[in-house]
Amino acid sequence: MIDLRLVREETEAVREACRRKRIEVDLDRLLQLDQKSRELKFAYDEKRALQNRNSRDLGKAPAGEKAELLAGLKTLSEEVKALEVEQKEVLVELRKLHLLVPNLMDPAVPRGKDDTENVEIKRWGSPRQFAFAPRDHVDLGLSLGILDIERATRIAGSRTYFLKNEGALLELAVLRFAFDHMIRKGFSPMLVPHLVRTEAMEGTAYLPGGEEQAYRSERDDAWLIGTAEVPVTAYRMGEILEDSELPSLMVGMSPCYRREAGTYGKDTRGLYRIHQFQKVEQVVICRADVEESAAWHQRILQNAEEILQALDQPYRVVNVCDGDLGRSQVQKFDIETWMPSRRAYGETHSASRFHDYQARRLDIRYRDSEGKVRHCHTLNNTVIASPRILIPLLENQQQADGSVVIPAVLRPYLGGLEVIRPR
RNA sequence: GGAGAGAUGGCAGAGUGGUCGAAUGCGCCGCAUUGCUAAUGCGGUGUACCCACUAUUACGGGUACCGAGGGUUCGAAUCCCUCUCUCUCCGCCA
């Protein structure tokens with residue numbers, strides 16, 4: 001969440017962020033509640049101090065005076081309690097609104113209504129020109145015997161799939177390759193809880209707002225994660241880190257569950273939009289320094305690009321526009337990989353930076369070199385998400401005979417397999 | 001799933017209704033002592049918020065926090081309830 005001081009002191013900037021991100025929050029009400037809560041806090045503290053003093057005196061007062069003191073204290077006690085109740089009510093409503101206030105954006109964030117107006121800032125490689133009619137990943141997957149969507153749908157519903165044989169192994173290979181790449185970069189590998197508490201979802205800013213997108217086990221008050229970002233970022237929740245522990249570099253791998261509510265009829269074919277996938281995710285927790293976190297943003301973007309380059313997949317990077325930015329993000333770069341069947345670049349990676357927005361919600365702080373306690377900055381980016389990445393991988397690597405060439409970097413993870421051939 | 005025990009400051013560990021933000025030990029920081037190190041002595045050592053003052057973070061006053069939330073009481077780390085977590089035993093199990 002945003003620093004309330006920003007809302008107080010730079011109200012117009014916050015209002016502007018609401019407008020640009022298309023988020024409606026009653027800032028006036030929020031400011032009013034903020035003011036009210038400080039007044040109540042002051043009144044409460046005063047009264048409470050008096051009560052504490054008098055209560056202490058009562059203990060050592062002579063017996064004759066006790067009755068009188070006690071009577072006064074009883075009414076004081078009532079008043080304190082009333083103030084406490086009022087204060088709590090205000091705080092509850094305040095927090096509710098506070099959680100909805102969007103983060104401010106980097107000046108470099110372009111303006112636009114939705115993802116169609118994201119601004120391309122880089123291209124690597126070029127879409128392959130086929131000398132034959134290329135097939136899409138579903139056809140390829142079926143004929144190679146590595147994918148089964150029809151049976152999955154029968155037993156698990158829409159947007160599900162089986163990966164089989166080399167398909168299953170290919171996914172594991174891609175994940176492990178990505179994981180290893182990040183470990184070489186100094187990130188600590190993490191396998192994480194897939195079911196998390198509301199605090200973790202709220203802390204990473206998926207809640208409130210993302211209720212429809214997440215699976216939930218109501219009777220256990222648990223949510224299935226939509227990304228390892230949630231448990232990995234929340235890992236040090238509530239802690240004060242030492243300056244020497246930063247930056248904290250972590251790479252998590254987990255299955256990801258998404259309900260995809262409201263997307264009926266969209267991307268219905270194949271593996272593009274599905275309820276469950278696996279992802280390797282990089283997370284950085286660094287000092288509260290705008291320059292430093294911006295530099296990390298570039299670094300984690302670069303890390304992901306290295307993966308695609310190693311896999312020889314054409315891609316582009318877009319600077320995500322305000323209308324497509326999330327509530328919590330300062331800036332976001334998406335990487336889109338060329339997908340022949342879509343005749344377009346499709347999103348495969350998403351690199352976000354949050355400043356202290358998540359850290360404030362998760363209450364992750366650090367003691368800086370001067371001993372001052374501050375909230376950290378957090379960032380994250382996809383390293384690889386599968387099976388979506390299998391779409392370009394299969395489609396771009398296909399040959400006229402229907403076989404698919406395995407990129408060289410993955411072969412060691414597949415026992416040296418070079419080509420997947422039709423059965 | 002059943003039975004029991006527990007959760008206190010960076011750590012260990014006292015405290016069972018008032019002067020307890022909390023003994024003591026360790027750790028850490030400062031000072032003193034000291035050829036160096038060690039040892040010793042003295043002092044300090046949580047976080048958040050509010051108020052006052054001021055060059056807005058130094059100093060001062062106050063409030064809250066002893067797993068979380070609620071209750072009893074003039075007053076709760078201490079008593080009661082709920083929840084979470086940890087440990088032990090039994091059962092079950094990948």
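Keep in mind that the numbers below use all heavy atoms, side chains included, and drop hydrogens, waters and symmetry copies. Predicted, not measured: the structure shown is a model, and the values here were computed from it. Order of the sequence lines fixes the chain letters, A, B, ..., with proteins taken first and strands second; residue numbering starts at 1 for each chain.
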Name the closest nucleotide to the [X] side chain, picking from [options].
X        : options                : value
A:Ser55  : B:rU63, B:rG18, B:rA48 : B:rG18
A:Lys372 : B:rU47, B:rU57, B:rC74 : B:rU57
A:Ala49  : B:rU63, B:rG75, B:rC51 : B:rU63

Report yes if at least one side-chain N or O of [X] is closer than 4.0 Å to OP1 or OP2 of [N]; otherwise report no.
X        : N      : answer
A:Arg367 : B:rU47 : yes
A:Arg197 : B:rC85 : yes
A:Asn52  : B:rG18 : no
A:Ser77  : B:rG75 : yes
A:Gln51  : B:rC74 : no
A:Lys74  : B:rC74 : yes
A:Asn54  : B:rG75 : no
A:Arg48  : B:rU63 : no

Verify the distance criterion only: is there a donor paired with an acceptor across the side chains of A:His275 and A:Glu260 at less than 3.5 Å?
no
Donor on one side chain, acceptor on other, A:Tyr272 and A:His137, under 3.5 Å
no
Paired with [N]: which nucleotide, if any, by Watson-Crick or G-U wobble criteria at under 3.5 Å for both distances?
N      : answer
B:rU37 : none
B:rU56 : none
B:rC42 : B:rG30
B:rC85 : B:rG6
B:rA23 : none
B:rA14 : none
B:rA76 : none
B:rU63 : B:rA48

In whole angstrom, give the distance that lies between atom [atom1] of [X] and atom [atom2] of [N].
X        : N      : atom1 : atom2 : result
A:Leu91  : B:rA48 : CG    : P     : 17 Å
A:Glu46  : B:rG62 : CD    : P     : 11 Å
A:Arg53  : B:rG62 : CZ    : P     : 8 Å
A:Asp45  : B:rA64 : CG    : P     : 7 Å
A:Leu94  : B:rC49 : CG    : P     : 14 Å
A:Leu40  : B:rC51 : CG    : P     : 12 Å
A:Ile240 : B:rC11 : CD1   : P     : 12 Å
A:Arg56  : B:rG21 : CZ    : C1'   : 12 Å

When rounded to the nearest Å, what value does the distance between [atom1] atoms of [N] and [M] take?
N      : M      : atom1 : result
B:rG62 : B:rA52 : P     : 15 Å
B:rC92 : B:rU84 : P     : 25 Å
B:rU47 : B:rC42 : P     : 26 Å

Less than 4.0 Å between a side-chain N and a carboxylate O, is that true for [Y] and [X]?
X        : Y        : result
A:Arg360 : A:Asp356 : yes
A:Asp363 : A:Arg365 : yes
A:Glu39  : A:Lys36  : no
A:Asp34  : A:Arg38  : yes
A:Asp243 : A:Lys372 : no

Near-ring test A:His297/A:Phe333, centroid separation under 6.0 angstrom
yes
Could you pull out the protein-nucleic contacts involving nucleotides 66-72 of chain B (nitrogen or oxygen on both sides, under 3.5 Å)?
unit_1 : atom_1 : unit_2  : atom_2 : d
B:rG70 : OP1    : A:Lys88 : NZ     : 3.1

Can you name the one residue among A:Arg95, A:Arg361, A:Lys96 that meets salt bridge (Lys or Arg N to Asp or Glu O under 4.0 Å) with A:Glu202?
A:Arg95
